[in-house]
Each structure stands twice: as structure tokens, then as C-alpha cells.
A.B. asks: 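Below is a structure I'd like to ask you about.
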There are 2 protein chains.
Amino acid sequence: MSDAVPNSPPQRSRGRPRGFDPGAALDAAVRVFWRTGYAAASVDTLCREMHMPRASLYQLFGNKEDLFRAAIARYAETRLVPVAEALGPRGSLREDLEAFYQEVVALATRDRETPGCLISCVLADAAGSSAALRRELDARFSALEARIEDRLSRDTAPGDAADTRAMAGLLAAVARGIMLRARSGTPAADLHRIAGLAVASLCAARH
Amino acid sequence: MSDAVPNSPPQRSRGRPRGFDPGAALDAAVRVFWRTGYAAASVDTLCREMHMPRASLYQLFGNKEDLFRAAIARYAETRLVPVAEALGPRGSLREDLEAFYQEVVALATRDRETPGCLISCVLADAAGSSAALRRELDARFSALEARIEDRLSRDTAPGDAADTRAMAGLLAAVARGIMLRARSGTPAADLHRIAGLAVASLCAARH
DNA sequence: TCATAATCGAAACGTTCGGTCTGAAAATAC
DNA sequence: GTATTTTCAGACCGAACGTTTCGATTATGA
């Protein structure tokens, strides 16, 4: 009955408005970490490319490692979700896997400034310096494998759950191997050939 | 007739003898970079773990990036060569591939201080900060693929060279995906299951 | 013994690092 | 208008960075 917001809702908070867009800033942080690596990315560079003053960065994100984790979450939502969603199910398992690897190669080669994958190429390195980041890496890896396993289980008789799990791990390993190869500058066409062979071989073996 | 070294060969050079073992020092550098990453490894830490004075390190290796490249070469010779040599040919293709992945998993999980692979997990990150390191990464990746391709071509009718090349790329991608997964702390048993499934599936599909 | 040559140990180099602080600026609330 | 609240710009902090320098040390060659 009574509105929870009696008067005009304060669309804008009290003080001076910020001169940057938080979403775009996080996208920029993703690009900096992705291109440069975690340890090699300086807070100065981050501030510049995020169009964000230093004080605001620390007030909003806490510190560099927290910002890195926020960037990883952003990357997962904006870049990895579309890749995982290509798994469908939309068509046959083989068609969906082909679509999945299409997206994998596209993500890893789309921008020549940021080859490879933020998680497979950058977080994997940083995981050596921080236990929290190692757990983060494990969680991100496991999430993709669970998504693949879920897709596989729709085309598999129940009971061979262990095999389905291993196959999900294998398909994810191929995806990461492709991401890594892209980091060295390998053209997309070469990676597509590898992905195509993977789908053909692994689907053929499954029957 | 006349000896090239007339008098007693100078086993020891002129000045003060070094107080460190260059080979062991390089092995220690491998461990530091492998555990910590390139950018996050400080020269202070390197000197301490290499049992090497700072001045000697710079006189012997030039600078940090050159030392990193020397450590990568050392790693390739001492750690990667045994893995590649497991490809034989010694037995059937399938047996040799099983031995190969056995070594891959062992390398990536043997020491819990240095999980994963120096090239796949550390150089791949550093490749984003230096064009020279990106080329180094590409060369190291290509070298392994060439070795696999060579092994495959012994069991393949000539002519489908492009397919053999793609299969080598795929087998290498699986190996790298496994290395990456080890970086997050995955137990060796899980990785062996993935590797076993890879060999079974890909060999089955090849006939 | 004395010159030569190499390494060692440590201090010092200037730079950059991640992080904090302060006062001016720019908005709303009253 | 004034008070309040938030952000901004930039100086500032001590610590750590990669690298260089230099005198002391410890060996060999003559």
C-alpha cells in the first residue's frame, strides 16, 4: 500500500557524481589484466585505462587482488557465459560441441591485443602466488567442467557417471589447450582445425 | 702431433673460484619461476635460492629476462625432453601415447610446490608482456608438436599430412590442458583418468 | 713475492610499486 | 543561501623493484 519510497526516489546519490562508468571501467580492467598479466599490470596503468582516479579505484575495489577477482568475475559473466551457453542443448551433441569450440577459438583470437584466455593464461600463473587465487582457478575450471558434464549427461545413459566426468574433463582440457596455443599467436584457422578434429574423434569414439 | 694445450690444461680459471654451482643455480631458478611466475619472482628471491651473489647473477645471465629464458631452456632440457622421449617409438602408438601422458601428469604433479608446467602456466602469461617471450612460447609449443607429429607419422600412411599435423596439435593441446588443470591442485589420479580417456578415444577414432 | 684475474658481499642507484591522505570540486538536502 | 556528502586530482608514503658499482677477497701465473 504505502510506497517504500515515499518521495521521489533518489536516482542520484548525494555528493559529486562520478566521472567514470563502473561497468566500462571493469571491462577495461579485464583487458589490462588479460593483455599484461596480473603481477605485470600496474595500478597506474589500470587507473589510466579504466578512466578512474586512484582514490576511487581503492574505495570501490579495495586493493589490486580484489580488483583482479572482480575482473575475473566480469570476464566470466561477459565472455565465458556465451561460450558455455553454446553447449545448448540446441542440436545434436556433436553440433553443440562444434558450436562450443567455435566460441572458444573466437574468444581466444578475436582481439589480437588479448590473445588466449584470462583464466587459462593469466589466473593460472597468478595461482602460484596466492592460495586464494589458486582456489579461484580451481572453482572456475570446475564450473566449466560441470557445465560440460551436464550437457554430456543428456546424451548418455546414466550409470557411467565417472566416464562422463572424465570426458567433460577431457573436453575442457582441449578447450584450455587451444586457449594456450592462441596466446602464442597461432591463427584461428589452425585452432579450428584442431577443434574440428577433437569433436570428430571424440564423438566417433563415443559410439 | 703437438698438443693444443702444451702445458697442464687450466682446469681452473685465474681468479677467485665461484662459490656456487652454475647448474644447481639454474635448477633453482627454474623452481622459483615455476612456483612464483616471472613478474612476481624478485631478483632477491632468485639470488637467495640460487645461492648466488647478485653481481655474479648479472655477470653470468645479463638481466632478469635473459635469466628467465635460460631457465626455460634448462627446464626444456631436463624436464621436457624425458616427457617427449616417452613417445618413443618404443611400442605401439597407443602404448607410447600412454607413456607420454604418464610423464605429462607426473611432471605437473610431482612437486606440490611447482604444480603445472613452467611453459604452459608461466611463460604463457609472460608472453603478454614481451614480444620476445611470445616468440619463445610459440617456438616451445611448436617443438613439442613437431615431435608428436614425427611419432604419429610412423604409424600413418603418408599423404594425410595435414590431418597428422592437426592430430599432433590436438594431442599437445590435451597435454597442456592437463598441465593447466594441475596448476589448480587437481590430484594426479583425476588427470590420469582424463589422459587415459584421451588416448583411448583418439586411438580408437584413428582406425 | 707480486701482478693479474675472477668472484664476493654490500651498499647505493634511480625508478616504480601498491596504497593512503588531503583539500578542492561538484552535486544534493534543507 | 548553508550544510552535507561524495568524488576528484595529485602529492605523498615507505617499501620493494631491477640494476650498477666498488672495495675486499681469493685464487692463479710468473
A.B. asks: What base-paired stems does DNA chain C take part in, with at least 3 consecutive Watson-Crick or G-U wobble pairs and both distances under 3.5 Å?
C.D. replies: C:1-30 with D:1-30
A.B. asks: In whole angstrom, what separates A:Arg14's CZ from D:dT5's C1'?
C.D. replies: 6 Å
A.B. asks: Between B:Ser56 and C:dT7, does any side-chain N or O lie under 4.0 Å from OP1 or OP2?
C.D. replies: no
A.B. asks: Using whole Å, what does the distance between atom P of nucleotide C:dG9 and atom CG of B:Leu57 come to?
C.D. replies: 14 Å
A.B. asks: Is it true that, when you exclude A:Arg147 itself, more than 12 heavy atoms of the residues, nucleotides or ligands shown sit nearer than 6.0 Å to its CZ?
C.D. replies: yes
A.B. asks: Describe the nucleic acid contact of B:Phe20 in one word from base, sugar-phosphate, nothing, applying a heavy-atom distance below 4.0 Å.
C.D. replies: sugar-phosphate
A.B. asks: Give a yes/no answer on whether the side chain of A:Gln59 brings an N or O atom under 4.0 Å of OP1 or OP2 in D:dT6.
C.D. replies: no
A.B. asks: Between C:dA27, C:dT4, D:dC8, which nucleotide gets closest to the side-chain atoms of A:Pro53?
C.D. replies: D:dC8
A.B. asks: Is a donor from one side chain sitting under 3.5 angstrom from an acceptor on the other, for B:Arg181 and A:Ser142?
C.D. replies: yes
A.B. asks: What's the CE-C1' distance between B:Met52 and C:dA6, to the nearest Å?
C.D. replies: 13 Å
A.B. asks: On the ring face of B:Phe141, is B:Arg176 found with NZ or CZ under 6.0 Å from the centre and within 45° of the axis?
C.D. replies: yes
A.B. asks: Measure the shortest side-chain to side-chain distance between B:Thr36 and B:Thr45 over non-hydrogen atoms and say whether it is less than 4.5 angstrom.
C.D. replies: no
A.B. asks: Please state how far atom CG in B:Leu60 lies from atom C1' in C:dC8, giving the value in whole angstrom units.
C.D. replies: 14 Å
A.B. asks: Rounded to whole angstroms, how far apart are NE2 on B:His51 and C1' on C:dC8?
C.D. replies: 16 Å
A.B. asks: Can you check whether A:Leu80 reaches A:Leu144 side chain to side chain, under 4.5 Å on heavy atoms?
C.D. replies: no
A.B. asks: What string of B, S and - do you get for nucleotides 12-21 of chain D, 5' to 3', when a contact is any protein heavy atom under 4.0 Å?
C.D. replies: -----SBBBB
A.B. asks: Count the heavy atoms of every other residue, nucleotide or ligand shown that sit under 6.0 Å from CZ of B:Arg151, and state whether that count exceeds 12.
C.D. replies: yes
A.B. asks: Measure distances between side-chain N and O atoms of B:Arg18 and base N and O atoms of C:dT7, and say whether any donor-acceptor pair falls under 3.5 Å.
C.D. replies: no
A.B. asks: Do B:Val199 and B:Phe100 make a side-chain contact, defined as non-hydrogen atoms from C-beta onward lying under 4.5 Å apart?
C.D. replies: no
A.B. asks: Against the six-membered ring of B:Tyr38, is B:Lys64 placed for a cation-pi contact (under 6.0 Å from the centre, within 45° of the normal)?
C.D. replies: yes
A.B. asks: Could you tell me which non-hydrogen atom of B:Cys47 sits nearest to which non-hydrogen atom of B:Pro53, and how far apart they are?
C.D. replies: SG-C, 4.4 Å
